[in-house]
Amino acid sequence: MGMARTGSEGIAHLTAKEASARMDALRQEIERNTYLYYALDAPEISDAAYDSLMRDLRALEEAYPELAAPDSPTKRVGGTVEKQFSAIEHASRMYSLDNAMDEAELMEWMEGMEKLYGHLPELCCELKIDGSSIAITYQDGQLVQAATRGDGTTGEDVTANVLRVRDVPRTLHAAALGSVADPDAPLELRGEIYMPRSSFEALNLEAQAEGKKQFANPRNAAAGSLRQKDPSITASRDLATFIYSVSSNAALHVRGQWELLEWLRSAGFHVNPDVALCSTKEEVIQFCAASLEKRESLPYEIDGVVVKVNEFALQDAAGFTSRAPKWAIAFKFPPEEKTTILHDITVQVGRTGALTPVAELEPVRIAGSVVARATLHNEDEVHRKDVRVGDTVIVRKAGDVIPEVLGPVVTLRPDDALPWVAPTTCPSCGSPVIREEGEAQIRCVSIDCPAQALERLLHWVSRGAMDIDGMGEEIVSRLVEMGRLSDVADFYSLTVEELERLQMGRFNKEGDPITLGHTTAVKLVEAIQGSKERDFARVICGLGIRHIGKSTAEDLVEAYPSMEAMRQASEEELQAVYGIGERVAASIWAFLRTPDNVDVIERLERAGVAMAAVRPEGEGVPRTLEGLTFVLTGTLTGLRLSREEAADALKAYGAKVSSSVSKKTSYVVAGENPGSKYDKAVELGVPVLDEDQLRAVMDTGVPPVI
């Protein structure tokens, strides 16, 4: 390249003019090599040489800070930003894609396109990157804004962090700007931020060494890294991008998707090289098959292939449904399956005393992460699948998320492999276990069981219950070991002084024990005190009454809005509550009459935890939806609301919101990707509302007429 190393020893001898010229040359060379590496996949220098250029530029900028350019590539590392994660409205909605779960569904979609247009249009096939969607906006060729997908309409401002992703150009290449339709208008480009497999493995190894929680898969790691409050952490995570779309087809003078990808490369973006322009259905199927075959050899995760009508004019003619473009579909790969050795079947004790068998596996990499354990659910399931210690078993991730043992490869079974025998005593406390008639779970019924105590405490602080931010498993476990926590009421007597001295079981470089520290302790106590204001349904859910989840707790509180009223109700009265049957009523009645439980409830009340609901009538809201039951399913992208927020709005008018569809359901609200609840509603003839109809109900409180 004809550029000698500057070296720290030579910086002091440079004049300001020489330093400025050298910095300009280094910036240009770094940007050129970034473009060669990411946009063209044709690097000219090694990573070490690239890093050396970056070090030289950084050293010069430190020596001559007044000469440092605001858009220098070194600014991608470190730094902070004052305003984090404010809302940004996208230039146009970021839609999801409909899925084709197998070849037959993909063929059906292509036949639909053929029928729509009168012929099969050209189809552009691209790998479906398993990462986090991003929208990046340029103004006058300069990066000015970056946002997460969010709800599809509004995302979070992550500009400061995206600027730290090395393959994102701050300035578009001048040669590409001539294709921009309106040079004065913002140009929003979209793609995927991902974490390479090697970076993901290194990140989890580092977390493991430091005793921190590991990421489940590269997709979660990428999303979490993108939303760091400190951009220097994002910079250290080695994220990368593939850019593949534009917010408006009219924004560029290009005919279709294939030309768009070429333009993106010329503009300086990292564009995935595995693309194909297909003119027949057979070519599309072949591309999908080839992509599936090389899935494991790629340095990043993919979970399918995206097939798009290539020509923008034809895309515009097809349009969109309420959830997805009609002119594109995602062909989803089948769940990845691997074989590995089942070394042992251990038993885990949950907060309700349920004993769950767990498969201890030879670690195997599946769908982006290493799997070493998988639940076997219960005794019947173990025997149904006939999995035994020593077996070679087939493992996959259900929905590419939850590890699942499908069954053994019987032909590889060792001669001495014996059927699993369920324990007769609790592995945590040694008490006898029981299995009630009609139940699949074996249970420990000892109230002194330490495993149940830990799980109950963790349930209380969880997001679905009292949502005490920062109070994780490690801290709770340490407090239990110290004897400081034995039940949920103990949380409310914790002080900053004792928490800041809490030793975490690790040591610093000097050999001193690492403690929680004052700042963290203050935040924890504030979070604990803040949880006292949680609504009464969360308290009921958090108490860990058997069979009571969030939805049932809300139904219960609707009928009995205070702890006093609930404790006075008979089993028969509890059974009459919507969604509560004989078994659940018996569980509630018994829990509220157990002396130890009553003691905890009374201590919680003395600590100031809410033991009564705030009734909507007190706010003057008319209960026009009383007697109606709604079920919400899918993502409410158009409303910019979570399902929980929409449910709260309906409940304010007196409606009940259930988690399951039945003949008694009044309406099902179907958002994006509604799933089986939508199918159940159609099967039962339950009226289905879209998001616009739900908005009308929320705004007026008037029941919909269908």
To the nearest 0.5 Å, how far apart are [atom1] in [X] and [atom2] in [Y]?
X	Y	atom1	atom2	value
His173	Ser266	NE2	OG	8.5 Å
Leu252	Leu177	CG	CG	10.0 Å
Asn217	Asn204	CG	CG	9.5 Å
Ser179	Glu262	OG	CD	11.5 Å
Ile243	Leu260	CD1	CG	10.5 Å
Phe269	Leu172	CZ	CG	5.0 Å

Item checked: Derivation and outcome, side-chain contact (heavy atoms from CB on, under 4.5 Å), residues Asp167 and Val165 -> CA-CA 6 Å; Asp167 68 350; Val165 179; 3.4 Å; yes
What closest approach, in Å, do [X] and [Y] show between heavy atoms, and which atom pair accounts for it?
X	Y	answer
Pro403	Val371	CB-CG1, 3.7 Å
Ala19	Leu67	CB-CD1, 4.2 Å
Cys124	Trp258	SG-CE3, 4.0 Å
Ala318	Tyr117	CB-OH, 3.3 Å
Pro273	Arg265	CA-NH2, 4.2 Å
Ala147	Ile134	O-CD1, 3.2 Å

Next item on the list: Can you sort out the partners of Glu282 under salt bridge (Lys or Arg N to Asp or Glu O under 4.0 Å), two or more places apart, ordered by chain and number?
Entry: none
Next item on the list: Could you tell me which residues satisfy salt bridge (Lys or Arg N to Asp or Glu O under 4.0 Å) with Glu500, sequence neighbours excluded, listed by chain and number?
Entry: none
Check: Phe215 and Phe200: aromatic ring centres closer than 6.0 Å?
Finding: no
Just checking, any donor-acceptor pair under 3.5 angstrom between side chains of [X] and [Y]?
X	Y	value
Glu192	Tyr244	yes
Gln142	Thr171	yes
Arg149	Ser133	no

Counting distance only, does the side-chain N/O of [X] pair as donor-acceptor with the main-chain N or O of [Y] below 3.5 Å?
X	Y	result
Asn310	Gln257	yes
Glu283	Ser279	yes
Asn272	Asp274	yes
Thr154	Glu89	no
Gln139	Asp184	yes
Lys338	Arg365	yes
Arg237	Ala222	no
Ser132	Ile193	no
Ser297	Lys294	yes
Asn161	Gln228	yes

Is there a side-chain contact between [X] and [Y] (heavy atoms, below 4.5 Å)?
X	Y	result
Tyr138	Pro169	yes
Trp327	Leu314	no
Pro196	Tyr300	no
Leu524	Leu516	yes
Lys281	Val284	no
Met113	Met110	no
Tyr64	Ser20	no
Asp130	Ile302	no

Taking 4.0 angstrom as the limit, do [X] and [Y] come out as a salt bridge?
X	Y	result
Lys523	Glu526	no
Arg219	Asp303	no
Arg197	Glu296	yes
Glu61	Arg58	no

Next item on the list: Carefully, step by step, assess Ser245 and Met94 under the rule side-chain contact (heavy atoms from CB on, under 4.5 Å).
Entry: CA-CA 10 Å; Ser245 72; Met94 294 179 72; over 6 Å; no
Note to self: Can you tell me if Asp469 has over 12 outside heavy atoms packed within less than 6.0 Å of its CG?
What the structure shows: no
Next item on the list: Start with the C-alpha gap between Trp263 and Val180, add the side-chain angles, then the distance that decides, and say whether side-chain contact (heavy atoms from CB on, under 4.5 Å) holds.
Entry: CA-CA 10 Å; Trp263 182 87; Val180 177; 4.2 Å; yes
Next item on the list: Tell me, with the steps shown, if Leu163 and Val168 meet side-chain contact (heavy atoms from CB on, under 4.5 Å).
Entry: CA-CA 7 Å; Leu163 286 170; Val168 175; over 6 Å; no
